[in-house]
Structure formats: structure tokens, C-alpha cells
K.L.:
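Before I ask anything, let me first share the structure, which is written out below as C-alpha cells.
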There are 2 protein chains.
Amino acid sequence: MARRNDHSRKQIRELAIQAVLDVVDSDEDATITARSVAKGMGYTVGTLYLVFRNLDDLLLQVNSKLLQHLYGDMNVVAQNSEGPRDTIFELAKCYVSFAEDHPGRWQLLSHRRDNTLGHDAVENEADNIVEDIFVLVQTELTRLAPTRDSKEIAIAARALWSAIHGICIVTASSHLRRRAHYDARLLVHTLVHTYLSGFMFDKIESLAPRS
Amino acid sequence: MARRNDHSRKQIRELAIQAVLDVVDSDEDATITARSVAKGMGYTVGTLYLVFRNLDDLLLQVNSKLLQHLYGDMNVVAQNSEGPRDTIFELAKCYVSFAEDHPGRWQLLSHRRDNTLGHDAVENEADNIVEDIFVLVQTELTRLAPTRDSKEIAIAARALWSAIHGICIVTASSHLRRRAHYDARLLVHTLVHTYLSGFMFDKIESLAPRS
DNA sequence: GCAATTTATTGAACATTGTTTTATTTGTCA
DNA sequence: TGACAAATAAAACAATGTTCAATAAATTGC
């Protein structure tokens, strides 16, 4: 038995999160079970439930951490690129790279999870980072079209980023079922290129859906 | 006990598929279990496994049926709209409507499933319909830009449709976790509008990703 | 019409999960 | 040192997917 006080609760949380990452990194198709995580951290399930409300709680915290990293990377990229247009391309590349380079983690992140915990602190934290990512794009779009209505730009940013997300999802899904698939980077590049062309071209025009 | 030969195997398959739809229609968050499906069809689990290889097999067949319906609807819409541009808008609306009007079915469809069955007939059927949907869009894009390279258009169509898919995914996910969310129809309209502007505006220009 | 056989269907059984509870070990402090 | 508290393990439970032996119904051969 591991001697008690070998790890603080915070350390145990870290151990668990790391164990989850180890599992999905070693095999993107691996299913994460409470017992596999516990074994990975050198504890038993009971300890896991001492520190997390349930498995979803743990996975949510993993996602939160992944999102933090992703957001951090995106911020670096945003800093080091030339203009708003280039920045958006680089941000998109960054997003795709995450999905392609860490398929297990990406699956974790994009996996739909039932909301067993109510509105939770951690959950909100993850959602807030997602929101931050949208804002990052929104900022660059604003630089591209400073005169345009900010609400309109918010919508444009969300549309664009959800779109990029969609391409990653579809590509990952094709990967998963071993189907032929188009290169995600190419698709995303096409999307961003075309979308930005349209964004710049459009004059002030009604964006409301007809009927 | 239900008298044997009350239903043919094909009928039992239909019963099962219908039972699944009933479950997700009655509660989009409901988890589909072998036993709940069996109860819904008036049989027990054993019968289910007489007719399907496993649960995934059943769900895959449900998805195939859903995709057939969706594709049928999209075809009708494509027939009854004015020009290629309008058609694409209508196709997108059709897709969003499916996701919004039948959230349970949409979740079923967009749920990632491990590939427990190998390359299977039903699985290929579903994948083929997805491919057909892409082709539908591709056809309209070709009408919009008849001179453009067909490979390029194929990519553009996949990028566009994956993007629309992504918006539906993100919106549904927000719905699920009861978060504030932007209206999917508005986002999709913005996306299609902007994307088509860019698509029409772009001259023959390199679409290859830099570096 | 009745026994034998086949077969559809069930219900029990199994393994694996998430989760809770109980038992045990270990550290701490009076 | 011994009682208490906390950490950890181990066992227990319920719900799942899945399999399988038992059973009841239909069919067949006579």
C-alpha cells in the first residue's frame, strides 16, 4: 500500500490527469476506465473518488488542462505572426496541429460528455477557455475590418472557428474508421482562405437569414 | 413469450431500429441500452443479438437509415430551389433543421463510435451516403464555377460541408451543457454567405498550404 | 394426431464498467 | 503508548454489453 501523505490531494489530482494523458497518448483508441487510470497512478479506484466527484469530473479537468495548453500555444502563435490575416492562418494551423499530432487528446477534448455534474467550476473554466479562443479569432477579424459591427464580427468569428473545428472532427472521424480522407490542413487552409476572401469582399450587407 | 415467427428477422430489425428512434426522440439525453431497446420492441436482449452482431451494429444501421432520410430531404430541396447559390443555402438549412428538430437523432448520428465491426457492409453504406452528400454540394459549386478545377471544387465542397457540420456540432454541444449559444441557423447562414462570396471572388489562385 | 426435432425466444450467467461502502493500515497527538 | 483520524485498499453493488444453456413453440415425419 502506498504510504499515506506520500502525495497531497493536489498531487494526486495531477497524477490522475497525467495517467489519463498517458493512456490516450499510448493508444488513441484506448477507453479510459477508472481502474486503468488508478493503476496508472499507482493507486486504486477508491482514491480516485476521494479526489474527483466521478470520472467525468476527472476528464473535464483533463480537458480544461488541454484547452489551457492549446490556448497558450495559440497565444504564442498570435504574438509571433505578421498581420491579422496571417495570424488567423497560423491559429488555424495550430488548432489542426493539435488535433493531428495528439489524436488521443483531441478525441478526449471533442468527446461529448453527459452533464453529470451540474454547472461546475471546472466545467465553466473549460467553457471559458473555449470562449477565449473565439475571442482570439474575433480580435483578428476586428483588425481586418475595424469598421464592421462588433456583433457581426463575433458571429463571423464563431462561424469560422466552429467550421475549422468541424473539419478536424470529420477528418478525425475518417481516421478513426480508417476511411480515405482529405488532408485536414489542406481543407482548413482552403476554408480560411475562402472565408477571409469573402469576409473582406463583403460590403455592409444584411447577414440575417432570409425567412 | 412472443410466439415465434410473429416477426421475420427483417421485421425484428425494423422493430429494433424503430425502438432506438423512439428512445432518442422521447429523450435526447437518454442512453440507449440493449435492454431498453429490447423492451421497446417487446423482445429480450437475446433476440437483439440474434439479429445484430452487437449494439454498434444496430446503431450503425440506425445511422444509415437516418442518413438516407437526410439525403432524401436534401435531394428534394436541391430539386426545388432556384439556382446553385440558393440551392446551397437551402441544403445547409436542411442540414441544420435536421440537427435542431431532431436533437436525439442528430446526437446518434454525430456520436463517435469505436469500430468494433471491421469494414462492414452497413458501415460502408453509411459512409457512402455521407460521400453522396458531399457530392451534392460539389455539384452546386461546380455550377457556380464551371471552369474551376474539379479537384479544387471537391476540396472546397468538403471544406464547406465539414464546416457546416462543425457549427451544428458546436451548437448541439452548447445545447447539451446548457450554455449560452449562438443560433446555429444564423451562424450557418453567415458561413455559407461569406464562404460563397470568397469562392466566387477568388481568381485562380494557389490553394496549396504554404510551407 | 402424436412423438421427435428443429428453432425462436427467453432468462440466467459472465465480464467489465462506474460508483459506494467497508475494512485496514498508517500517521498523529494526547 | 494507545486512541483517534485520515488515507488507502479491497470488497461490494448496480448497470451495462454479451453469451449461452434452458424452454417453449412450431414443424416434420409417421
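Convention: sequence-line order gives letters A, B, ...; per-chain numbering from 1. When reading the values below, keep in mind they use all heavy atoms of this one structure, side chains included, and skip hydrogens, waters and symmetry mates.
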K.L.:
Tell me the interatomic distance from Asn54(A), atom CG, to dC13(D), atom P, rounded to whole angstroms.
P.N.:
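It works out to 22 Å between those atoms.
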
K.L.:
In whole angstrom, what separates Asp6(B)'s CG from dT10(C)'s P?
P.N.:
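Distance check: Asp6(B) CG to dT10(C) P gives 10 Å.
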
K.L.:
May I ask you to say what Leu48(B) touches in the nucleic acid, namely base, sugar-phosphate or nothing, with a heavy-atom cut-off under 4.0 Å?
P.N.:
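The residue Leu48(B) makes no contact with any strand.
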
K.L.:
Would Tyr195(B) and Trp161(B) count as a ring pair (Phe, Tyr, Trp, His ring centres under 6.0 Å) here? Give the steps.
P.N.:
CA-CA 11 Å; Tyr195(B) 190 86; Trp161(B) 214 255; over 10 Å; no

K.L.:
Is there a side-chain contact between Tyr49(B) and the phosphate of dT19(D), meaning an N or O under 4.0 Å from OP1 or OP2?
P.N.:
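Answer is no, no contact under 4.0 Å.
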
K.L.:
Whole angstrom is fine here: how far is it from CG in Leu55(A) over to C1' in dT17(C)?
P.N.:
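My rounded result for the distance is 9 Å.
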
K.L.:
Between C1' on dG27(C) and NE2 on His7(A), what's the gap in Å once rounded to a whole number?
P.N.:
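Checked: the NE2 to C1' distance equals 17 Å.
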
K.L.:
Considering non-hydrogen atoms only, spot the tightest contact between Glu140(A) and Leu91(A) and give its length.
P.N.:
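Closest pair (atom of Glu140(A), atom of Leu91(A), distance): CG-CD1, 4.4 Å.
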
K.L.:
Check whether any side-chain N or O of Arg9(B) sits under 4.0 Å from OP1 or OP2 of dA8(C), and answer yes or no.
P.N.:
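Yes, because at least one side-chain N or O of Arg9(B) sits under 4.0 Å from OP1 or OP2 of dA8(C).
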
K.L.:
Contact class for Leu58(A) (heavy atom, under 4.0 Å): base, sugar-phosphate, or nothing?
P.N.:
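Since no nucleic acid heavy atom lies under 4.0 Å of Leu58(A), the category is nothing.
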
K.L.:
Check the side chains of Arg185(B) and Ser97(B) for a donor-acceptor pair under 3.5 angstrom, ignoring hydrogens and angles.
P.N.:
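Result is yes, a qualifying pair exists.
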
K.L.:
Measuring to OP1 and OP2 of dA7(D), would you say a side-chain N or O of Thr47(A) lies under 4.0 angstrom away?
P.N.:
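Answer is no, no contact under 4.0 Å.
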
K.L.:
I'd like to know whether the aromatic ring centres of His165(A) and Trp106(A) sit less than 6.0 Å apart in this structure.
P.N.:
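Aromatic pair counts; centres sit under 6.0 Å.
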
K.L.:
Which is true for Ile12(A) with a 4.0 Å heavy-atom rule: it touches a base, it touches only sugar-phosphate, or it touches nothing?
P.N.:
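Ile12(A): backbone/sugar contact only, no base atoms under 4.0 Å.
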
K.L.:
Around atom NE2 of His175(A), are there more than 12 heavy atoms of other residues, nucleotides or ligands at under 6.0 Å?
P.N.:
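Result for NE2/His175(A): open.
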
K.L.:
Under 4.0 Å, heavy atoms only, any strand: does Thr33(B) hit a base, just the sugar-phosphate, or nothing?
P.N.:
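Sugar-phosphate only.
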
K.L.:
If I take atom OH in residue Tyr43(A) and atom P in nucleotide dA6(D), what distance separates them, rounded to the nearest angstrom?
P.N.:
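Roughly 17 Å, once rounded to whole Å.
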
K.L.:
Roughly, in whole Å, what's the span from CZ in Phe52(A) to P in dT20(C)?
P.N.:
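Going from CZ in Phe52(A) over to P in dT20(C) covers 15 Å.
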
K.L.:
Closer to the 5' end of DNA chain C via nearest nucleotide, is it Ile32(A) or Gly46(A)?
P.N.:
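By nearest-heavy-atom nucleotide position, the 5'-most residue is Ile32(A).
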
K.L.:
With hydrogens left out and only the distance checked, is there a donor-acceptor pair under 3.5 Å joining Arg53(A)'s side chain and the base of dT19(C)?
P.N.:
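Check fails, no donor-acceptor contact within cut-off.
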
